[in-house]
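One structure is given below, encoded as structure tokens.
The first residue of the sequence shown is numbered 1, and numbering continues consecutively from there.
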Amino acid sequence: PEAYSFHFWCEKAFIFEMDEKDSKEYTRSEQEINENIQHLFNKLHLEGKMRAADVLQLTAHSLKSHKSCPVEELIQTFIQKLLMMDYKARNIKANQLIHTKDTKDSHEFQADADIFREMGGPGDADNTSDPVHPMDVQMAVFHCADGFLKQLMVTKLSQCQYALPLLVPDPFTQQTEFPLLTFRQISKSWKMRNKNNEIISQTQPIYKAQTPMVFFFRFGSVSSSKSQLMNSLINERHNTFFHRNCPGSSRTRVLMDGVVEIAWFCPSGKDTDKFTDCVAFCNLHGDAGDHEKQLQILTEMASVNVVLLLGLQKNDRSMMKLDELYKGSKPLICTFIEDVSSLSKTRNGKYKIGLKCRNQSDVSEELRRAINDCLSESYSTFRLEDVSKHSDIRVDEEDDDDCRRGREAAQQMMCLLEKKDLTEIKDSFLPHQGKLWHQWSQKNKELHRPRAYETEEDISRKQKEMTKIREQQYESDISEFIKLFIKEVNSHNECEKMFFLKWLRILLDEYVSADLSALHHKYNEKWSTVSKLKENNKISDQLKGAQNELERISKELQAATFGVEHIMREIGQIYESCSSVKKNKKDLQFPFSSLPSFAAEMMISGFPLELMDGDAAHVPVIWISAVLDQLVQKLGDQRVFVLSVLGTQSSGKSTMLNAMFGLQFAVSAGRCTRGAFMQLVRVSDEMKTQMNFDFILVVDTEGLRSLELAGKSTRDHDNELATFVVGLANLTLINIFGESPSEMQDILQIVVQAFLRMKKVRLNPSCVFVHQNVSDVTAGEKNMEGRRRLQKTLDEMTKLAAEEEDYDAGCFSDVILFDVQNDVKYFAQLWEGSPPMAPPNPKYCENIQELKGIIMSHASNSHAIRLKDLKDRIKDFWEALLNEQFVFSFKNSLEISAYRKLETEYSKWTWSLRSALLKIEYKLHNKIENETSHKIEDTDLQRELKKTTSFELKIKELQENILRETKRKLNKILQQRDLKKEIDAKRTHNENSIYEKSKELALQLNKANDEKTLNKEFDLFWVKSVNKIISDSPPIKDIDILRDVKHLLRDIYEGHLPVKACITDVVQQTDRLIQSFNISKMGYSISCIQQLTDYIKKRVTEHQKEQVKYVFKKQFFMHLVLSICKRANKMITDQHRMFREANDPVMYVEKKREEYYSIFQKHLHGATSSAIFGKIICQKLKESIEQSVYKKTARDMTGEIRSNCESLNGNRSKLEKYILKTLAEKEDFVDYMNYINNPRDHFKSFIRDEVSRYITDKFSVSVLPKMKENIKLLQQKIMKAAHESTEHVQVNSGNVDLWLKKFTQQLSDELIFSEKVLRGVKARSADKFNLLEDVIREELPLIMSVITRRFNTNTFLVNLDYKFRPDELLIDNFCQCCWVQCPFCKAICTNTIENHHGDHSVPFHRSIGLNGIHYLKTSNLSAHICTSAVANNNLYFYPIGSDDKVSWREYRKAGEVYAAWSITPDLSELPYWKWFVCRFQTILEKYHSKTFDGSGKIPGEWKNYSKKEAIESLDQYI
């Protein structure tokens, strides 16, 4: 039955082939062929060249799994599966509809069915659509691909164990092409036995490998499948060559005729190998007689020729070629389709095999035996590269100009390496990354991990040594090799540059492969020896010698590994050394600043970039930062989703990433990843709209728990690496290979610790566990058990890591959001069978696709990171890892940056809200003074806020605080108004009394009297009136605050008070207390001083209850109160002066003399009541108008200063930067100490000076125009109010009282002017309202003119109440924040919210010697800076008031004052305060009565900083 089935298959195949031949004879014309090809390309939607960059980007299509698809998607589906190494890529079928014949009715009876009628006839040709042949899809991609995509495609085909296109006719011109470049990246590995029966491993670039080659071809049409026969020789379980019985095969094939494919059999060194050596197999598709060129080339180069044919026909022209081959010396095997005979040897090297009615396995075995016999007698070998020597064929790398020039440039570089010892190449050609870079890296680690009692001088010495190493690096000559590389990358176009890099990688791999292979063989042998010796459990001299030899070979391996990544590492170090000395190298032909640009271009083009140098175990932060900056320049500040992978060595991490995204991470044996590399994956435009990112940044890492080449892998190194990549990533793939519990436990402990550290620094990355090489991934119960075991192990590791990290966590879910059901993926083993001939497992490819979906699910719910932010994140993590305690040392620059941005926005929001509420406050203030408001509720403020501004609520708490403060102020005004009623009533009574009496005097006197007489009479009247006021109301006296203070301090007792923190707080609180007295409105009394002293007494009493070790006598307390009152003396005195001028009855009345005299004259000349009343109204309005104009202008100027004054237009941090710049420019030590000891006062003083300067400078161009504009607007409003009041009275037949009521109501929002100010003025006869309006229109401009003339620079601020002055408003805005100072160096916390949550912090600290801190039992001031001191675990200090020393590293244990601060280790230069210490060293030493000597000696390097450098550094740190 088996023989029969094979014979039946042969007969059917023969009919198929004959039909195909007849069809070809009928249709085969050049035009028709071209039409068929064009139709195929149109059908597949192929237009123009396909680029590798386009197919490698992440698309929605690439996230789906496809078993079938529409015809137009066949190309992208094929490419997608091929990139994942899915050999089922050729099995994709196009979706096809099932055609049905018309029937009468779908409900007709089955009994009516007629099989002869319905199925017996021929098929309907119209309903038959030939599917696209899978090999046509493959070749269509090949023909349309650019050089890079072709190379990628052929590399992936090779990984799938598919035959590769060797000779390819152009579908339109029929010119034969040899795509040699596509083979350049392919290497093959095999094992074979030598004469001593020892297994030898071989790994060679396939284009150079010299192997026997067997060439298969056919003459005519044959019924047996040549390709299927070849598969049985190479791999019976895999269709290396596509044949007619493969899934998806169709009767039409457009692009395969004349194509020669090649595949290799690679032995495994076992007895079961079909061939003992690596053998190449070539397959010519189509009738060989039609493709003479291909036939000639391959038969000449073959070791054995195998031909399939029907029979021998002498007249057939093909027989002439066959006869020639038969007579030649090369072995020839003829297989006859119609012959039933078994293998026979006709003569030496000539064999005959019959195929008809024979079992295929027997045929395969006979054919294999014949080939082996031929190979044993044949000494000819085949080298793929030699195909290019044949004429009349096109070689891709020769005909493409860009490719050729790129190769020539790469070959020119390789010429420099000729006859060089591979282990010495790096030292010779890459000096910048060798010894000096390793020394610098080690010094940098030592700098961040200080020894015991290390001083700032020690730190400075290390930094100097590092600078010296950088200088030596800089002075190192650039090798000709690197010069040539830099020249080439700067002198070619984009395409040529990429070809150059491709060629360089190919040639370097070829150059090192042989030596590396030999070294790895030696290493493995020596490792086996060491392992056997260790099994004896004895440390012998032999073992030590073997271990030393192993380490020596390891170093040779490390030195011999040489690739493009090492060239880029060298360029990175050239850049870092030039950056360090800030100048270009003499032998560098291009600016060093251009080097990162090329690296960025490489990343954009799909090349990986080294993130961590695996040899130095160091991150070149300067270089990486510069490259990322260039990426931002070229791409914009794109959003990236960072995906990292962790796992043991050789666990398939890189293979998994390459399959998932089509990447180029090194995966070959002996070229495992060292350190960490990053590579960009572009996201298609359609996906960007769905996802939150523009690129995926994939980070591949070296294996954990692996032997480093130096033989010294440590747990610390693994922890550093894991923490680094976990922290950088949004998602980390944890790759576990096999099912060994011990290996799983090792890696999981490292991983859990890394995630625990992220939790402690408030970062929340995700993870997915990938369990590779699981034997049966479909076994549900087994997977459930595996998940349960993994969860248990994770929880156990979490407890261990939590103990080590001093953190409370009982299970893994306490550390990270983790779903054991969805975040664990089981992977099938990579190979379907045993390498080296096994293809990738399709199940593995399915798992890759599923994992890709899981990753995208995580990505869609993650917050991508900007490239600029990624740069900061890399720097932060590496800086923290350089220190021994990561969590303690980690400084989140992104968080700091975000906080600074928020702080700036918060400052804007604060000012917007304050500005809006200032308008409301002025308005309601006027209403209160005018007695139209008697109570202020929250709803009043909310309602007014909505009417006044469109400000959107950003921070609820901010709004509530400012509203509460505004309400408090307004209610205080209400209370003060009520308290002032008596004073105001007396003043109004006095004014009205004088008005009435002057009126009576005018009526008594004769208007005929001369002016002199009238003036004399009025003076007598005036003196009498003033004397009467003095007798009724004694004048307000001047004040002497310090006298009152001394009077109150007579009976002060002794008490306890901490020196610094409490005094600072007392000063701040007393400032607020003085402001609340509102002396300008309420006047001064000794009770103000009494309240101040009571407050200080209260603080003393509170501190008496605490355990403090300071005892202060009453003299100290008196000095404290006196100093506080001295600070407030000017403010209180100024406010009291304003109160006195406004409320002293004599002073107030004296100011009004001219007004009363004017009214007296009006009466004297018989003016009407309406005219006089109008005059009085204008006189009464004068003071209110002046107040209103000053207030409104002050408010406007505050807004302008806030916007235009450079020092005041930002947040509090920016203001501090300007203060520090000003201090440095002035170089005034007293000012500096005021800033250090009393920062809040200094800020206030600086703001006042800035405002005063701005107003003085801008008075004529800004202040005065605003005042004139405001007075003009106010005049218009008054006239409008007068006109509308007149109309209202006339309409309602009212009297002067109604007119006055309406008039004051309309102005109550704008002016403090109410009916009460005119009480007692007898104006009932003022009934001529039009005249009244006219008088106001006439008098008002005169009043306004008088007010305007009084506007000048000197009076502007003086005439303003303190609380309305621009400087005070800006002080409120900037100084209502945190003022807590660092307990060590007195730096001010930069938080903009007073009593904020969380720790206090500053951008940079200072030398603690500024605060007088010195070494115990010495007079030596400490030069330590807080941020460098806390990095030292062996440095101690004594907290204030304690005799117990505390480690700087554990400063928070020193007490509440210290615990409230976050001080992270930082070894930044900080030039500003170093310059300050050196500039004022002598004065500082005198100030503190101590010196910077001994351990506190100032490092000499500090003295090199100039003032200019100090000032410029502020822009970097603030």
Side-chain angles (χ1 to χ4, degrees), residues 41 46-56 139-155 164-186 205-208 259-260 293 297 384-417 481 483-511 564 567 589-590 594 597-599 601-602 604-607 634 664:
F41 280 30
L46 283 170
E47 296 177 4
K49 281 286 183 186
M50 297 174 65
R51 300 186 313 126
D54 295 329
V55 302
L56 288 173
M139 295 312 297
V141 174
F142 187 86
H143 286 301
C144 292
D146 68 1
F148 302 114
L149 179 55
K150 273 185 187 176
Q151 191 175 53
L152 177 62
M153 175 185 171
V154 171
T155 302
L164 313 177
L166 177 66
L167 295 176
V168 183
D170 185 282
F172 297 104
T173 67
Q174 293 304 307
Q175 183 184 11
T176 303
E177 179 191 28
F178 172 37
L180 176 56
L181 181 64
T182 63
F183 292 90
R184 294 287 188 181
Q185 282 188 247
I186 300 171
I206 205 60
Y207 66 92
K208 291 192 76 70
V259 173
V260 177
K293 190 186 300 178
I297 293 171
L384 188 141
E385 197 173 31
D386 292 340
V387 176
S388 63
K389 295 177 181 177
H390 290 80
S391 59
D392 296 332
I393 62 170
R394 178 183 177 272
V395 182
D396 59 350
E397 59 189 45
E398 296 291 344
D399 285 12
D400 187 311
D401 290 338
D402 288 334
C403 179
R404 181 172 45 76
R405 283 193 290 266
R407 183 189 63 193
E408 289 169 357
Q411 286 172 336
Q412 191 180 353
M413 286 189 66
M414 295 305 297
C415 288
L416 298 171
L417 302 182
F481 185 80
K483 283 182 189 175
L484 191 53
F485 180 84
I486 294 172
K487 177 188 172 187
E488 294 298 336
V489 298
N490 280 283
S491 59
H492 295 302
N493 62 47
E494 190 65 30
C495 188
E496 194 173 325
K497 196 184 298 180
M498 291 303 107
F499 272 119
F500 163 68
L501 290 169
K502 282 280 186 185
W503 272 108
L504 188 58
R505 175 181 282 183
I506 290 165
L507 296 176
L508 282 172
D509 283 349
E510 177 191 335
Y511 182 75
V564 175
I567 295 173
Q589 296 173 328
F590 301 89
S594 68
S597 177
F598 168 64
E601 288 172 11
M602 283 183 65
I604 294 167
S605 299
F607 286 85
K634 295 175 186 299
Q664 300 182 41

**Lys487: partners by side chain to side chain donor-acceptor pair (under 3.5 Å), with sequence neighbours left out** = none
**Asked** To the nearest 0.5 Å, how far apart are OH in Tyr511 and CG in Leu417?
**Response** 5.0 Å
**Message:** Going by the rule salt bridge (charged side-chain N to carboxylate O under 4.0 Å, His left out), which residues pair with Glu397 if we only count those two or more places apart in sequence or in a different chain?
**Reply:** Arg184, Arg407
**Prompt:** Can you list the steps and then say if Met414 with Leu504 is a side chain to side chain contact (heavy atoms under 4.5 Å, CB included)?
**Reply:** CA-CA 8 Å; Met414 295 305 297; Leu504 188 58; 4.3 Å; yes
**Message:** Quick check: closest heavy atoms across Val387 and Ile297, and the distance to 0.1 Å?
**Reply:** CG1-CG2, 4.5 Å
**Asked** Where is the tightest heavy-atom contact between Phe178 and Leu384, given as atom of each residue plus distance?
**Response** CZ-O, 3.3 Å
**Complete:** Residues at least two apart in sequence or cross-chain that pass side chain to side chain contact (heavy atoms under 4.5 Å, CB included) with Asp400, listed by chain then number, are Asp402, Cys403, Phe499
**Item:** Contact check, side chains of Tyr207 and Asp386, non-hydrogen atoms, under 4.5 Å
**Value:** no
**Asked** Between atom OG of Ser491 and atom CZ of Arg405, what is the distance when rounded to the nearest 0.5 Å?
**Response** 11.0 Å
**Asked** Charged N to carboxylate O below 4.0 Å: is that the case for Glu488 and Lys483?
**Response** no
**Prompt:** Which atoms form the tightest heavy-atom contact between Asp146 and Leu149, and what is the distance?
**Reply:** OD1-N, 2.8 Å
**Request:** Output the distance between atom CG (Leu416) and atom CD (Gln411), rounded to the nearest 0.5 Å.
**Result:** 12.5 Å
**Side-chain touch Arg505/Phe607, heavy atoms, less than 4.5 angstrom** = yes
**Message:** The criterion is side chain to side chain contact (heavy atoms under 4.5 Å, CB included); which residues satisfy it with Asp399, sequence neighbours excluded?
**Reply:** Arg394
**Prompt:** Can you find a pair of side-chain heavy atoms, one from Asp392 and one from Lys293, that are under 4.5 Å apart?
**Reply:** yes
**Item:** Atom of Leu46, atom of Met50 and distance for their closest heavy-atom approach
**Value:** CD2-SD, 3.7 Å
**Item:** Closest approach of Pro169 to His143 (non-hydrogen atoms, all atoms of both residues)
**Value:** O-CE1, 3.5 Å
**Request:** Measure the shortest side-chain to side-chain distance between Val168 and Thr176 over non-hydrogen atoms and say whether it is less than 4.5 angstrom.
**Result:** no
**Prompt:** Just how far is it from atom CD of Gln412 to atom CD of Glu408, taken to the nearest 0.5 Å?
**Reply:** 9.0 Å
**Asked** So, Lys497 side chain and Val489 main chain: donor-acceptor pair closer than 3.5 Å or not?
**Response** yes
**Complete:** In short, Phe183 meets Ile206 closest at the heavy-atom pair O-CG2, 3.9 Å
**Prompt:** Between Ser597 and Lys634, does a side chain to side chain donor-acceptor pair (under 3.5 Å) hold up when you go through it step by step?
**Reply:** CA-CA 9 Å; Ser597 177; Lys634 295 175 186 299; 2.9 Å; yes
**Request:** Go through the structure and list residues passing salt bridge (charged side-chain N to carboxylate O under 4.0 Å, His left out) with Asp170, not counting sequence neighbours.
**Result:** none
**Request:** Find the distance between CG (Leu166) and CD (Glu177) and round it off to the nearest 0.5 Å.
**Result:** 11.0 Å
**Prompt:** According to the interplanar angle, ranging from 0 to 90°, do the rings of Phe485 and Phe500 count as parallel (below 30°), tilted (30 to 60°) or perpendicular (above 60°)?
**Reply:** tilted
**Complete:** Result for side-chain contact (heavy atoms from CB on, under 4.5 Å) between Leu164 and one of Ile186, Thr182, Thr155 points to Ile186
**Prompt:** If you round to the nearest 0.5 Å, how far is CD of Glu510 from CG of Leu507?
**Reply:** 6.0 Å
**Message:** Any heavy-atom pair between the side chains of Leu181 and Ile506 that's under 4.5 Å?
**Reply:** yes
**Message:** Do Gln175 and Ile393 make a side-chain contact, defined as non-hydrogen atoms from C-beta onward lying under 4.5 Å apart?
**Reply:** no
**Request:** Kindly write out the residues that satisfy side chain to side chain contact (heavy atoms under 4.5 Å, CB included) with Asp54, not counting sequence neighbours, or none if the list is empty.
**Result:** Arg51
**Request:** Would you kindly check if the NZ (Lys) or CZ (Arg) of Lys502 is within the cone defined by 45 degrees around the ring axis of Phe148 and under 6.0 Å from the six-membered ring centre?
**Result:** no
**Item:** SB check Arg404 Glu398 (cutoff 4.0 Å)
**Value:** no
